[in-house]
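Model, not experiment: these values are computed from the prediction. Residue numbers begin at 1 in each chain, while the letters A, B, ... track the order of the sequences.
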Amino acid sequence: MPIRTVYKAQIDHMQILDEDGKLDEKLAKNTLTDEQVVHLYEQMTICRTLDEVAFKLQRSGRMGTYPQNKGQEANAVGAAIALEKGTDWLVPCYRENAALFMHGLPMHYILLHWMGDERGNQIPDGLKITPLSIPIGTHMLHAVGIAWAMKLRKERGVACTFFGDGATSEGDFHGAMNFAGTQQVPCIFYCQNNQWAISVPREIQTAGETIAQKALGYGMPTMQVDGNDIFAVYKATKDAADRARAGGGPSFIEAITYRLGDHTTADDAKRYRSAEEVDSWKLKDPLIRTRKYLERKDQWSDKKQSELDERAKKITAEVVKTAEGIEKPHTDDMFNHLFSEIPAELRRQRDTLRTHSLGQEPGQVGLRAPGQAEHV
Amino acid sequence: MPIRTVYKAQIDHMQILDEDGKLDEKLAKNTLTDEQVVHLYEQMTICRTLDEVAFKLQRSGRMGTYPQNKGQEANAVGAAIALEKGTDWLVPCYRENAALFMHGLPMHYILLHWMGDERGNQIPDGLKITPLSIPIGTHMLHAVGIAWAMKLRKERGVACTFFGDGATSEGDFHGAMNFAGTQQVPCIFYCQNNQWAISVPREIQTAGETIAQKALGYGMPTMQVDGNDIFAVYKATKDAADRARAGGGPSFIEAITYRLGDHTTADDAKRYRSAEEVDSWKLKDPLIRTRKYLERKDQWSDKKQSELDERAKKITAEVVKTAEGIEKPHTDDMFNHLFSEIPAELRRQRDTLRTHSLGQEPGQVGLRAPGQAEHV
Amino acid sequence: MPELNLVQAINTTLAQEMERDERLVLLGEDVGANGGVFRVTEGLQARFGAERVVDSPLDESGIMGAAIGLAMGGMRPIPEIQFEGFLGPAYDQLVNHAGRMRNRTRGAIAVPMTVRVPWGGGIHAPELHSDSPEAIYTHHPGIKVVVPSTPRDAKGLLLAAIRDPDPVVFFEPKRVYRSYKEEVPEEDYTIPIGQAKMVSEGTDVSLITWGSMVFECLAALDNLPEDVSVELIDLRSINPFDRDAVIQSVQKTGRCVVVHEAAKTAGMGAEIATVIQEEAFLHLQAPVQRVTGFDTIMPYYKLENEYLPSAKRIQEAVEQVLAY
Amino acid sequence: MPELNLVQAINTTLAQEMERDERLVLLGEDVGANGGVFRVTEGLQARFGAERVVDSPLDESGIMGAAIGLAMGGMRPIPEIQFEGFLGPAYDQLVNHAGRMRNRTRGAIAVPMTVRVPWGGGIHAPELHSDSPEAIYTHHPGIKVVVPSTPRDAKGLLLAAIRDPDPVVFFEPKRVYRSYKEEVPEEDYTIPIGQAKMVSEGTDVSLITWGSMVFECLAALDNLPEDVSVELIDLRSINPFDRDAVIQSVQKTGRCVVVHEAAKTAGMGAEIATVIQEEAFLHLQAPVQRVTGFDTIMPYYKLENEYLPSAKRIQEAVEQVLAY
Ligand SMILES: Cc1ncc(C[n+]2csc(CCOP(=O)(O)OP(=O)(O)O)c2C)c(N)n1
Ligand SMILES: Cc1ncc(C[n+]2csc(CCOP(=O)(O)OP(=O)(O)O)c2C)c(N)n1
Ligand SMILES: [Mg+2]
Ligand SMILES: [Mg+2]
């Protein structure tokens with residue numbers, strides 16, 4: 001046959017809860033209960049409150065650079081509730097705070113991290129969470145490896161990794177997708193397409209019409225969802241997790257969302273995007289939409305809202321107190337954890353806090369007796 | 001709309017000259033003249049003869065590792081004739097010898113390269129060819145940059161880069177495709193899918209059904225062709241080049257082909273693939289098929305064949321003579337070309353052929369007077 | 001002469017040279033409308049257009065590889081890598097392609113490009129935003145490496161780098177970006193790559209450094225007794241580095257301390273100390289000492305100042321070398 | 001005890017340890033049916049199955065990153081990078097993730113993996129198949145680096161590496177793969193990472209090297225006058241390296257030559273020479289000398305032997321150091 005079709009594909013976009021808080025009942029079936037929605041609304045609100053608090057901490061010099069999650073919270077909470085805490089792994093970038101909290105990360109860890117303290121990454125035992133990832137696009141490979149390990153160990157867990165639209169340009173994104181596909185590992189690739197990578201818009205990031213279509217090259221199930229819709233996020237993640245658990249391999253989710261704040265506190269988004277654009281997305285804010293839904297269903301009230309606001313303030317104030325109450329780490333800390341056992345020369349550097357080696361009698365300069373072992 | 005389709009795609013496979021040498025006349029319109037076909041057949045034959053000669057050189061210790069092109073020659077010649085010599089750039093891997101020869105590379109350069117001599121890469125002035133690329137999957141980015149430069153300089157040239165199925169797994173493949181797409185550069189991505197990357201079969205390389213679908217993620221026109229069919233290769237490359245010249249940006253071509261030999265002379269393909277598989281592909285050999293076509297059109301004869309074989313032998317013998325006649329490079333050569341001007345310390349290393357610095361009076365050890373400049 | 005900080009000096013130099021040479025193309029993440037995350041390319045896209053100041057996809061290997069291709073195709077690309085920690089993904093293209101191209105083609109193909117990279121610690125940034133990998137790109141042959149420490153040097157070295165027919169990595173000490181101003185001549189001038197700067201002449205001990213550590217060394221000098229005569233050398237170029245300046249200085253002083261931010265082991269301090277003992281052995285009155293980052297990962301910012309060489313550590317080393 | 005070459009020693013050790021520890025997974029290009037391009041993993045896929053001996057896609061960064069994830073997930077991956085020249089694409093994952101994970105999580109997450117990499121020159125291979133980047137991975141904190149030179153050492157070091165709770169780069173000198181045999185004990189034994197081997201004791205000069213250069217040094221010794229007493233040390237581990245062994249040897253001999261294949265500038269020779277002058281300054285009778293690859297790209301094979309340190313160059317340096 002001179003010309004024959006060898007491949008066909010189609011990608012769908014799903015929305016269940018629209019911008020006015022109206023639900024598509026059919027699609028919503030077997031998704032979130034009202035109780036769960038209330039819970040997610042609370043989690044989103046607390047996360048946003050933390051964002052505001054963090055912003056102020058940075059501005060008053062009490063914290064370093066911080067990336068707000070504002071506007072994207074539905075992705076984190078919708079995915080987190082679709083996954084099993086303690087069984088499934090979360091492998092985040094840095095805009096999924098609420099998901100990490102829901103899976104058990106103490107909130108002050110996030111502040112500690114951005115306060116320049118590695119102990120913010122010292123994930124407590126038993127949690128299946130990896131720390132925030134600073135180098136963009138590199139951590140998805142770790143999710144693939146973790147998922148692969150679970151497959152080899154015949155565990156039922158799934159790894160879900162979050163990343164931005166910009167991250168899909170890195171070579172390691174390609175590698176992660178390809179390894180996940182060839183090894184058919186239980187991994188969910190959750191792309192928070194918030195339209196911007198710092199100042200670079202989606203259209204400059206890739207010539208493809210969607211991000212979702214990137215998954216086609218790896219033979220991977222893929223779809224688009226409204227990332228500001230907790231129902232759609234939940235359903236897409238749950239379906240992907242179910243498929244993965246059943247041995248169906250990896251899935252890709254492109255969630256259309258928007259960061260309402262600056263890229264980080266070091267950024268000024270007004271330099272590169274218009275107020276109209278931001279305003280148009282404010283109307284799609286997941287908090288507003290979820291609240292409208294709850295109100296529509298008589299599950300919410302102004303009173304509940306002010307109680308929640310109060311509670312969020314209290315919780316976050318507590319978190320700040322905890323984070324700021326943690327003393328500056330001892331200088332030993334930067335040496336003690338490089339290897340499981342500290343090598344002799346590094347130990348000397350730790351104990352003397354210097355790299356130069358003079359100051360002792362020549363002949364005994366920093367030397368141990370031969371064969372004398374070093375133990376930590 | 002709760003669920004709507006946001007993306008659709010379809011990929012076609014094209015064959016014009018089938019395995020029995022039968023042509024699809026409609027598709028073949030405005031492709032290759034008989035004269036051109038004879039020319040390409042000759043080029044393929046000479047290239048294959050060089051392969052055989054090179055194999056023997058390696059086996060007799062007169063050359064290092066060598067990767068035969070055997071079975072894949074139609075890709076090189078079909079693409080080369082669709083591109084403009086001296087205007088379009090060829091950015092090859094190492095299985096496109098015939099294309100390089102057709103665009104002016106002296107044949108002995110290829111042998112020199114594999115004889116462990118950088119002068120095999122010293123592309124003569126005026127040729128738009130980059131040297132063979134050893135690190136897989138990295139050179140396509142250079143093709144994108146070269147194409148980009150041509151676009152910026154408003155030249156009419158196109159860059160065509162060749163690579164294997166294995167190369168599509170590297171991160172730089174992803175980067176090259178993405179940059180080409182976003183910058184809409186005049187670049188053709190020509191993938192010789194010969195089914196194997198050394199011992200790794202296509203199915204282990206990627207979970208996608210085709211390689212061609214990888215281009216979808218970058219919004220790039222893409223198709224599959226029969227890579228052992230000079231007509232299909234020509235047409236696909238010509239269409240892509242025309243589109244690129246007209247400002248239509250990059251294209252992707254997956255050419256289905258097969259290496260009939262070992263990966264290189266250091267490889268033993270019998271370890272990982274069956275004789276049946278190889279035999280089935282022997283029937284699709286581009287040389288056989290092209291000869292059949294020419295015979296069918298009364299353009300070929302046994303006499304012409306033996307004349308050609310004779311000529312190929314003579315040419316390749318001459319090439320070997322030239323390559324082997326080139327004296328071993330002077331040791332200076334490994335120092336002289338690192339930078340446009342050789343730094344003082346490197347010059348010392350070159351002139352003394354040593355890295356240690358003793359042997360002179362201390363106080364004048366290799367030192368020049370202050371401010372005394374070094375000129376090469 | 002205008003007083004400029006490092007950011008302004010690089011910005012105006014880029015503009016000046018882009019005006020002069022049409023082949024110059026800047027590319028990198030956020031270099032366009034945003035003017036770079038440090039605003040080094042501010043205003044350049046507005047002035048020279050989006051064809052010459054290109055916001056790239058988020059892919060450092062792509063930026064580097066495409067820049068190599070642009071150079072091969074006759075342009076003079078100036079890729080920016082946003083932070084030195086993100087040179088990682090571009091490492092292969094930089095060392096195995098840019099650094100090899102001229103040599104492996106015996107001069108047939110060259111890669112004239114200047115890779116601009118914010119470099120070093122001291123600004124309390126997140127992880128991988130405070131490293132100093134100059135030794136890595138020096139050990140791999142074929143790439144020139146410079147680290148200007150002042151606005152005036154930056155201009156001269158940047159022009160030299162851009163006009164150099166070979167790849168140059170141009171490390172910009174972040175800590176200095178806005179912390180130091182000096183008069184920068186408006187006219188065109190270059191500073192040869194490979195030439196150190198004598199910051200202060202001295203006879204007792206040679207203090208060799210580069211980047212923001214020049215300022216830390218100056219602070220250390222302030223705390224030393226008046227009668228200690230230190231010769232402070234700002235290396236400026238790391239590959240090639242000014243062997244003559246180093247050797248002559250130590251032949252004079254007989255003592256030397258090398259200071260850098262990077263980890264000690266297999267860092268540039270080792271190379272410099274080794275060259276000194278190779279070439280000035282009989283002049284040496286004391287071992288060459290290294291005051292460097294520790295052999296561990298640059299910590300998050302709470303301990304950053306403890307990691308980086310301090311004026312105090314430098315002073316101590318100088319005193320000990322003098323007392324040897 | 002069977003006589004094995006390096007390939008066989010590594011192969012049998014891998015098999016032995018895979019038998020013992022179910023968490024071991026090999027992954028890399030062509031490691032399966034083909035047994036690796038050097039046949040180091042020959043027969044292992046047939047024996048342990050395609051789940052534990054995995055042919056990977058052609059993507060070194062993917063191999064490294066997935067291996068890191070496997071380690072984080074409780075496995076003990078042994079990725080193979082086909083040639084050291086192709087570590088380039090995997091560099092970022094190796095130094096910025098594997099090397100940092102334990103430290104950046106303050107011990108919460110570790111990356112126990114052994115990266116096997118054929119290493120070094122001398123087999124007349126194509127470009128990027130003959131490099132020796134050990135200094136690079138030593139300068140970046142957090143990664144252990146070993147280079148065994150003999151089959152027996154390879155076994156002990158490989159077992160130590162696999163059982164190490166941190167990432168180890170295990171460089172295998174290609175030139176030695178099939179050129180040297182020795183008896184290798186069948187039982188289980190480890191050689192501690194960081195411990196050098198005294199190849200021959202001596203009193204006049206210390207000769208420090210690793211990898212295939214051990215054999216080149218032995219050849220040099222053969223050509224030296226009988227009365228010259230050379231202490232030959234095979235470093236075996238590069239990070240951490242055995243400072244005590246080096247320092248004590250030079251304190252005894254007062255003279256030292258370091259030999260390695262990699263380019264001179266900012267190579268490991270510089271670190272070793274610097275440590276010696278720091279710690280044995282007053283014992284030194286002559287500058288430490290480096291016999292290394294030149295500061296240019298490893299040439300294609302016609303000039304490979306001219307690039308690599310030869311017995312003759314080593315001998316010359318030893319004689320000159322002795323005559324100083
Ligand atoms: C490898 C790497 N390159 C560059 C950066 C600098 N940087 C930090 S965030 C960012 C943009 C990320 O965009 P995206 O992936 O869309 O995530 P978003 O911030 O929008 O959530 C960049 C370029 C980085 N952190 N890592
Ligand atoms: C970056 C890199 N990794 C590994 C290799 C070793 N290697 C050489 S060729 C090859 C397979 C290439 O397969 P493919 O791209 O399909 O091209 P083919 O040889 O089949 O034409 C491999 C793994 C290499 N040269 N470069
Ligand atoms: Mg984004
Ligand atoms: Mg192939």
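- Interface residue D/Glu60: backbone and side-chain heavy atoms are both found under 4.5 Å from chain B.
- Residue with the most contacts toward chain D among B/Gly120, B/Gly116, B/Gly166: B/Gly116 (heavy-atom pairs, distance under 4.5 Å).
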*Kindly indicate, with the supporting measurements, whether the criterion side-chain contact (heavy atoms from CB on, under 4.5 Å) is fulfilled by D/Ile297 and B/Leu338.*
CA-CA 8 Å; D/Ile297 308 298; B/Leu338 189 67; 3.7 Å; yes
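- With chain B as the partner, the residue from D/Asp295, D/Val321, D/Asp55 showing the most heavy-atom pairs under 4.5 Å is D/Asp295.
- Remark: D/Asp59 CG to B/Ile136 CD1 distance equals 12.5 Å, nearest 0.5 Å.
- With a threshold of 4.5 angstrom between heavy atoms, D/Pro299 approaches chain B through its backbone and through its side chain.
- In the displayed structure, B/Glu277 atom CD is contacted under 6.0 Å by more than 12 heavy atoms of other residues, nucleotides or ligands.
- Between atom CD of residue D/Glu306 and atom CG of residue B/Asp332 there is a gap of 11.5 Å, rounded to the nearest 0.5 Å.
- For B/Asp267, the part lying under 4.5 angstrom from a heavy atom of chain D is the side chain only.
- Contacts between D/Tyr307 and chain B at a heavy-atom distance below 4.5 Å involve backbone atoms as well as side-chain atoms.
- With a 4.5 Å cut-off on side-chain heavy atoms, B/Ile198 and D/Gln82 count as touching.
- In summary, B/Glu345 and D/Lys264 engage in a salt bridge, as defined by a charged side-chain N under 4.0 Å from a carboxylate O.
- Residue contact with chain D, scored on non-hydrogen atoms closer than 4.5 Å, involves the side chain of B/Leu346 exclusively.
- Side chains of D/Tyr300 and B/Asn121: a donor-acceptor N/O pair is present below 3.5 angstrom, by distance only.
- Side chains of D/Thr296 and B/Gln349 form no contact here, defined as non-hydrogen atoms less than 4.5 Å apart.
- Within the 4.5 angstrom heavy-atom criterion, atoms from both the backbone and the side chain of D/Phe294 approach chain B.
- No side-chain heavy atom of B/Asp172 sits less than 4.5 Å from a side-chain heavy atom of D/Pro89.
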*Determine, stepwise, if the pair B/His356 / D/Val257 fulfils side-chain contact (heavy atoms from CB on, under 4.5 Å).*
CA-CA 9 Å; B/His356 68 281; D/Val257 174; over 6 Å; no
*Decide yes or no on side-chain contact (heavy atoms from CB on, under 4.5 Å) for D/Gln320 and B/Arg354, but give the supporting numbers first.*
CA-CA 12 Å; D/Gln320 290 184 359; B/Arg354 57 184 207 205; 3.8 Å; yes
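- Within the 4.5 angstrom heavy-atom criterion, atoms from both the backbone and the side chain of B/Ile204 approach chain D.
- Put simply, the side chain of B/Ile134 reaches to within 4.5 Å of the side chain of D/His129, judged on heavy atoms.
- Residues B/Leu132 and D/Glu127 have side chains not in contact (no heavy-atom distance under 4.5 Å, counting atoms from C-beta outward).
- For the atom pair CZ of D/Arg313 and CG of B/Leu353, the computed distance is 7.5 Å after rounding to the nearest 0.5 Å.
- To the nearest 0.5 Å, atom CD of residue B/Glu170 and atom CZ of residue D/Phe86 are 9.0 Å apart.
- The minimum heavy-atom distance between B/Pro135 and D/Leu128, with the atom names listed, is CG-CD1, 3.5 Å.
- With a 4.5 angstrom heavy-atom cutoff, B/Ala269 does not touch chain D via any of its atoms.
- Residues B/Met334 and D/Lys302 fail the side-chain proximity criterion, which asks for heavy atoms closer than 4.5 Å.
- The distance from atom OG of B/Ser169 to atom CG of D/Leu58, rounded to the nearest 0.5 Å, is 6.5 Å.
- Side-chain contact check for D/Arg290 and B/Ser357: no donor-acceptor pair (N or O, by modelled atom type) lies under 3.5 Å.
- In terms of heavy-atom pairs under 4.5 Å with chain B, the best-connected choice from D/Thr292, D/Val291, D/Val54 is D/Thr292.
- Under 4.0 Å is where a charged nitrogen must lie from a carboxylate oxygen, and between D/Glu42 and B/Arg271 at least one such pair does.
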*List the steps and the verdict of side-chain contact (heavy atoms from CB on, under 4.5 Å) for B/His263 and D/Asp30.*
CA-CA 12 Å; B/His263 170 69; D/Asp30 306 292; over 6 Å; no
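- Heavy atoms of B/His337 lying under 4.5 Å from chain D are absent altogether.
- Taken from CG in D/Leu303 to CG in B/Asp117, the straight-line distance is 7.5 Å, to the nearest 0.5 Å.
- Residues D/Pro57 and B/Val200 are not in side-chain contact: their nearest non-hydrogen atoms beyond the backbone lie 4.5 Å or more apart.
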